[in-house]
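To keep things clear, I will list the structure first and then write my remarks on it.
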Amino acid sequence: MSERYDAVVIGAGIIGASVARELAAKGFKTLSLDRLPAASYGSTANSCAIIRPYYSTVHGSGVAYESHFYWKDWENFCGVTDERGMARYNNCGCIVVKNPHNGFLTNILKVMDQIGCPYEELSPAELKQRIPPVSTASYDHPRTTDDPKFGEPQDHEIAGAVFFPRGGYISDPQLAGHNVQRAAEKRGATFRFNTRVTAINRSGDRVTGVTLDDGSVVEAPIVVNVAGPHSSKVNEMAGLAGTMRITTRALRHEVAHVPAPEGFDIEKQGTVFSDSEIGAYARPETGNHMLIGSEDPACDEKEWVDPDDYLTEFTGMWTTLVMRQAQRFPGVKIPNRTRGAVDLYDVTEDWGPIYDKSDLKGFYLAIGTSGNQFKNAPIAGEIMADIIEACENGRDQDADPVQFRLKNIGLDINTGFFSRNREINKDSSFSVLG
């Protein structure tokens, strides 16, 4: 037996749910499939869920800055009341330390000026006044903990920092994904969990649907790959290996949760804090804790893994993250119990996402998103729905990419920026910062 839908969306993380929501809003009868038991149960649930405007390009920064306005008006955007409650946007702002590794933020601030995003430059003294437990000592560049110079400050202070007031974090990323699921269902989308796709079906150069792990077939002229860390495996199923200039693969990452420095109420006084000089970022976490993640410094070996076979326990990297953060926040201590998350990023060569069609007609891509695209999920859904609708109506996305309006900041972007065949973005940090 077979079922028939207008579109099948593979993956029900927050971006997959957003794609389903926007397709349903355009009148497509959609079915979302996920191998896990609930929406946003995988890498979305373990996302640091940081909302920030700064990327290396106008397009990347424009979309990220636009996302702030979606999250600020989250309940109205979703247009539904979730029985579990609505995710909360903590608009605490973001601080980025100036250093040679980010060009002292000179280029990023030029981009902020172009997109109209506010910021405030801080001297070392002003930074310490804003965040009292911070150390303004310079550590030159990130090091491994077995480096004899690890934790050894230079004879000068950092150059300063920049505060971006329109940023922060989402307190419960899985709940945010569930909110979008409910919003999609209100528009007519269907979700099915604990279901694996075992084959992408095609007739000639056109996709015709998918086969599921119970042997059943879902017929659909449109299939969207939003499978997160499994995106490359889904592309292989579709026969698309080797057809794109930009590819994806799964990267293992650890995040540490530790108590904030004693006497510092990080939930009230803290911000998102990014510091490529020590190779770590942090944000407030509930219970007056600090969440610490890696900025993927060059001294660390990247752990590319099979998404179906990787170590889910903490390693020495957990301790390294805490020790790195303790350089900037000396009051941070290593607790007896390790807490945090181990999960996967879906990463492209330049750490930018792919929002595009593919060489198989009717098969679309919203991939390479894990690590830094959580914030952009609502807009990614809109972009994908516009691309899909245009292509199904005969538009050639490769030759004539869809133009997308960022309505809150008044900027038009060329969606070809997210092409699977783009040139690698040489301005990228080649890290989670994008």
Side-chain angles (χ1 to χ4, degrees), residues 1-11 15-16 19-20 22-24 26-35 189 192 195-213 215-228 230-249 346 348-349 352-369 380-404 414-424:
M1 293 183 62
S2 65
E3 303 173 81
R4 182 164 182 82
Y5 287 83
D6 297 329
V8 168
V9 180
I10 303 174
I15 294 181
V19 171
E22 299 307 325
L23 285 175
K26 288 181 179 291
F28 291 86
K29 180 185 176 184
T30 67
L31 172 65
S32 293
L33 302 170
D34 201 288
R35 56 198 280 142
R192 191 174 301 168
T195 302
R196 291 174 182 261
V197 172
T198 57
I200 306 295
N201 304 327
R202 56 191 292 171
S203 176
D205 63 352
R206 179 86 204 189
V207 72
T208 60
V210 299
T211 299
L212 307 181
D213 52 0
S216 64
V217 172
V218 179
E219 297 179 4
I222 297 168
V223 175
V224 192
N225 180 0
V226 204
H230 286 84
S231 67
S232 61
K233 291 195 171 187
V234 173
N235 279 346
E236 288 173 7
M237 274 193 266
L240 293 171
T243 64
M244 305 184 300
R245 178 178 291 155
I246 304 294
T247 61
T248 64
R249 50 181 173 164
D346 184 33
T348 63
E349 285 83 352
I354 298 171
Y355 301 134
D356 200 5
K357 69 168 193 173
S358 74
D359 288 1
L360 175 61
K361 291 179 182 177
F363 190 84
Y364 296 89
L365 309 166
I367 61 178
T369 59
E382 293 179 344
I383 288 173
M384 287 302 302
D386 282 2
I387 289 173
I388 291 167
E389 183 179 54
C391 290
E392 293 302 305
N393 286 325
R395 187 168 188 153
D396 184 345
Q397 174 69 7
D398 290 337
D400 182 23
V402 167
Q403 306 299 302
F404 184 84
N414 183 336
T415 62
F417 175 80
F418 304 109
S419 169
R420 72 199 183 284
N421 289 325
R422 66 179 181 262
E423 297 290 340
I424 291 176

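Values below: all heavy atoms of this structure, side chains included; hydrogens, waters and symmetry mates excluded. One is the number of the first residue; the rest follow in order along the sequence.
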To the closest 0.5 Å, what do you measure between [atom1] ([X]) and [atom2] ([Y])?
{"X": "M244", "Y": "E349", "atom1": "CE", "atom2": "CD", "answer": "8.5 Å"}
{"X": "I383", "Y": "E22", "atom1": "CD1", "atom2": "CD", "answer": "10.5 Å"}
{"X": "T415", "Y": "Y355", "atom1": "OG1", "atom2": "OH", "answer": "12.0 Å"}
{"X": "N421", "Y": "Q397", "atom1": "CG", "atom2": "CD", "answer": "11.0 Å"}

Please identify each residue that fulfils salt bridge (charged side-chain N to carboxylate O under 4.0 Å, His left out) with D359, with sequence neighbours left out.
R420

Contacts of E219 meeting salt bridge (charged side-chain N to carboxylate O under 4.0 Å, His left out) (sequence neighbours excluded), chain-then-number -> R4

[X] side chain near [Y] side chain, heavy-atom distance below 4.5 Å:
{"X": "N225", "Y": "H230", "value": "no"}
{"X": "M384", "Y": "V226", "value": "no"}
{"X": "V197", "Y": "L212", "value": "yes"}

Flag, side chain of [X] to backbone of [Y], donor-acceptor distance under 3.5 Å:
{"X": "N235", "Y": "L240", "value": "no"}
{"X": "D213", "Y": "T195", "value": "no"}
{"X": "T248", "Y": "D346", "value": "no"}

Applying side chain to side chain contact (heavy atoms under 4.5 Å, CB included), name anything that partners [X], two or more places apart in sequence or on another chain.
{"X": "R422", "result": "I246, T348, D350, I354, S419"}
{"X": "D386", "result": "K26, V402, F404"}
{"X": "R206", "result": "P221, I222, K361, E392"}
{"X": "Y5", "result": "E3, K29, L31, T190, R192, V218"}

Can you name the nearest heavy-atom pair linking [X] to [Y], along with the distance?
{"X": "L365", "Y": "S358", "answer": "CD1-CB, 4.0 Å"}
{"X": "R35", "Y": "R196", "answer": "NH2-NH1, 2.6 Å"}
{"X": "T30", "Y": "A189", "answer": "OG1-CB, 3.2 Å"}
{"X": "V207", "Y": "L360", "answer": "N-CD1, 3.8 Å"}
{"X": "V9", "Y": "G16", "answer": "CG1-O, 3.7 Å"}
{"X": "P401", "Y": "N414", "answer": "CB-OD1, 3.1 Å"}

Sole residue of I200, I10, T211 in side chain to side chain contact (heavy atoms under 4.5 Å, CB included) with M237
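Of the listed residues I200, I10, T211, the side chain to side chain contact (heavy atoms under 4.5 Å, CB included) partner of M237 is I200.
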
Check step by step if salt bridge (charged side-chain N to carboxylate O under 4.0 Å, His left out) holds for E389 and R395.
CA-CA 9 Å; E389 183 179 54; R395 187 168 188 153; over 6 Å; no

